[in-house]
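What you see below is based on every heavy atom in this structure, not just the backbone, and it leaves out hydrogens, waters and symmetry mates.
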Amino acid sequence: MKRFFFPAAMLLILAVLLAGQDALAATGMGIKLPEDPTKAYITLGILVAAAVMFFTEIVPLPITALLVPVALSLTHVITSKVAFSYFGDPTVILFMAMFIVGEATFITGFADKVGALAVRLSKGNTVLLLVYTMAAVGLLSTVLSNTGTTVVAVPMILGMCIKAKLAPGKVLMPVAFASSLGGTVTLVGTPPNGIINSMLAQTGQTPFGFFEFGLIGIPLLVVGLAYYGLIGHRFLPEGRQMDDDIVTEGQTRRENKMWYSIAIFAFVVFMMASELMPLTTAAILGACLMVISGCMTMREAFRSVDWTTIFLFAGMLSMSAAMAKSGAAAIVANAVVSMVSDPWMLMLVCCALTALITNFMSNTATAALMAPLALPIALASGISPLPITMGIAMSASACFLTPIATPPNTIVLGPGKYSFLDYVKAGWPLQLITLLMCWLLIPMIWPFHP
């Protein structure tokens with residue numbers, strides 16, 4: 001029964017939208033609705049079908065993801081060129097390159113040594129190991145890109161899991177969640193924060209300060225750490241321990257190359273952190289250097305890429321584009337937001353809707369959609385736009401129900417050997433907790449009527 005909860009909920013939403021289109025067109029509120037909603041409804045239908053296939057896994061996840069751009073192209077929602085262009089998206093290339101860099105750290109034994117150090121610090125306590133890892137990644141994500149932090153952390157975490165004889169599925173998912181929560185603390189941690197500040201500036205409002213996001217971002221991160229340290233670790237999928245035969249074989253063959261891999265890995269991290277190079281450029285250069293230096297062979301580099309992650313992310317980026325271009329996302333947002341006026345209800349609806357849409361669409365695109373929709377409604381209602389926009393920013397990053405909600409969620413899908421349903425089981429309590437925190441705390445920090 002649980003497998004069909006989210007697809008059924010989406011079917012219900014679609015039915016409401018089909019019944020209420022005339023009323024929505026008359027409101028004229030927020031962003032512009034499409035004149036002809038046909039393509040929007042087709043897009044929503046494809047999304048519902050994809051959701052059913054993802055959660056039931058009646059076909060492999062990569063196949064479902066590949067069928068999405070096929071369906072969008074065949075129905076002329078977007079062109080074939082646009083639908084498949086996202087396989088060359090910089091983030092997709094970043095994932096591929098970092099899979100190669102990460103594998104090289106295994107082959108040379110570098111990740112193994114980092115993992116051994118982490119195990120010693122936690123004294124063998126697996127829950128403590130989980131919380132330490134989440135805290136480290138979460139804190140790094142406050143000042144670095146949460147996507148970049150996650151991609152460089154994964155190989156180290158896998159090495160740690162080997163040493164602790166712990167299934168990666170017990171660590172990687174909460175670490176991805178901590179990375180997303182850490183990104184909410186500052187302006188640069190996650191793209192939605194920058195989107196929201198830009199929208200505020202365009203409407204003549206005073207943007208949030210660099211660390212002002214932390215007034216709610218820090219409590220969200222702390223609660224996330226506490227939740228998985230006390231209760232949440234019990235809901236994580238069992239998974240299976242990593243087979244370290246391949247790692248051991250690599251170490252015996254190329255242990256003398258470990259310092260090369262350390263230097264290259266450090267170079268990649270430094271370039272990403274300092275922004276002297278774009279993330280993708282640094283990652284590709286690092287992957288090339290790992291092969292050139294002999295840390296790994298070309299065959300090993302090709303084998304290291306997790307194609308489930310690549311196909312899933314690239315395929316669903318086409319859905320994100322279709323949702324925006326067809327007006328489907330605008331219809332969903334207007335259908336709900338334009339029906340409320342009470343500040344507290346508007347706040348709850350904006351946060352919940354942002355989280356729902358983000359779980360099936362790029363969080364950056366969702367923030368860019370919701371902000372111009374909610375801002376005029378808040379201003380017309382005579383309330384401050386600050387709590388509403390902050391709620392949208394936080395909710396666009398605090399998404400834990402699917403692997404396509406945020407890049408960190410997608411990155412750990414393959415290494416953690418997760419299914420779509422694993423995210424729902426492990427993420428729904430934190431999703432509910434963060435939603436309630438945003439709804440109740442944000443108006444206390446930024447009042448509706450200052």
Side-chain angles (χ1 to χ4, degrees), residues 24 27-33 142 180-223 329-330 332-358 361 363-399 431-450:
L24 290 173
T27 63
M29 298 184 70
I31 54 182
K32 185 179 179 181
L33 296 173
T142 64
S180 294
L181 291 174
T184 66
V185 174
T186 65
L187 176 63
V188 298
T190 184
N193 290 4
I195 293 287
I196 292 299
N197 257 16
S198 176
M199 295 288 180
L200 286 172
Q202 289 175 20
T203 56
Q205 307 295 317
T206 302
F208 295 105
F210 187 88
F211 291 107
E212 193 174 354
F213 293 92
L215 294 176
I216 181 64
I218 291 174
L220 289 175
L221 177 58
V222 170
V223 168
V332 172
N334 270 281
V336 182
V337 175
S338 60
M339 295 180 183
V340 296
S341 57
D342 176 76
W344 285 96
M345 283 305 299
L346 180 62
M347 182 75 185
L348 177 60
V349 165
C350 284
C351 291
L353 188 59
T354 299
L356 176 63
I357 295 176
T358 298
M361 184 173 166
N363 61 349
T364 304
T366 304
L369 164 78
M370 290 297 297
L373 172 70
L375 265 171
I377 295 176
L379 294 172
S381 303
I383 64 175
S384 170
L386 296 183
I388 304 297
T389 52
M390 180 59 78
I392 291 170
M394 295 297 107
S395 300
S397 294
C399 292
Q431 185 75 74
L432 182 59
I433 290 169
T434 54
L435 174 62
L436 292 175
M437 286 181 67
C438 289
W439 180 40
L440 298 173
L441 295 182
I442 289 176
M444 296 181 183
I445 302 170
W446 298 273
F448 292 120
H449 301 286

List the steps and the verdict of side-chain contact (heavy atoms from CB on, under 4.5 Å) for T389 and M199.
CA-CA 9 Å; T389 52; M199 295 288 180; over 6 Å; no

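A distance of 11.0 Å separates OG in S395 from CE in M390, rounded to the nearest 0.5 Å. Of the inter-residue distances, the one linking N363 atom CG with I357 atom CD1 reads 12.5 Å to the nearest 0.5 angstrom. Note: T142 OG1 to L181 CG = 12.0 Å, rounded to the nearest 0.5 Å.
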Using distance only, find each side-chain donor-acceptor pair of residues 367-377 under 3.5 Å and give its atom names and separation, not counting sequence neighbours.
none

Show me the side-chain donor-acceptor pairs of residues 208-221 shorter than 3.5 Å, one per line, residues at least two apart or across chains.
{"from": "E212", "atom 1": "OE1", "to": "G209", "atom 2": "N", "distance (Å)": "2.8"}
{"from": "E212", "atom 1": "OE2", "to": "W446", "atom 2": "NE1", "distance (Å)": "2.8"}

Expected list for residues 434-443: side-chain donor-acceptor pairs under 3.5 angstrom, two or more places apart:
{"from": "T434", "atom 1": "OG1", "to": "L430", "atom 2": "O", "distance (Å)": "2.9"}
{"from": "T434", "atom 1": "OG1", "to": "Q431", "atom 2": "O", "distance (Å)": "3.1"}
{"from": "W439", "atom 1": "NE1", "to": "W344", "atom 2": "O", "distance (Å)": "2.9"}

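Annotation: side-chain hydrogen bond (donor to acceptor under 3.5 Å, both in side chains) contacts of T184 (sequence neighbours excluded): none. For the side-chain hydrogen bond (donor to acceptor under 3.5 Å, both in side chains) test, residues two or more places apart in sequence or in another chain that qualify with T190 are S397. Considering only residues two or more places apart in sequence or on other chains, S384 meets the side chain to side chain contact (heavy atoms under 4.5 Å, CB included) condition with L386, P387, P450.
Here the closest non-hydrogen pair linking P447 and I445 is CD-O, 3.5 Å. Across all their heavy atoms, T354 and I392 have their closest contact at CG2-O, 3.6 Å. Closest of all the heavy-atom pairs between P191 and T364 is CB-OG1, 3.2 Å. L200 approaches P207 most closely through the heavy-atom pair CD1-CA, 4.1 Å. Across all non-hydrogen atoms, the minimal contact from N193 to G183 is ND2-O, 3.6 Å.
Among pairs with a residue in residues 372-394, none fulfils ring pair (Phe, Tyr, Trp, His ring centres under 6.0 Å), at least two apart in sequence or across chains.
Within the 3.5 Å criterion, the main-chain N or O of G194 finds no donor-acceptor partner in the side chain of S198.
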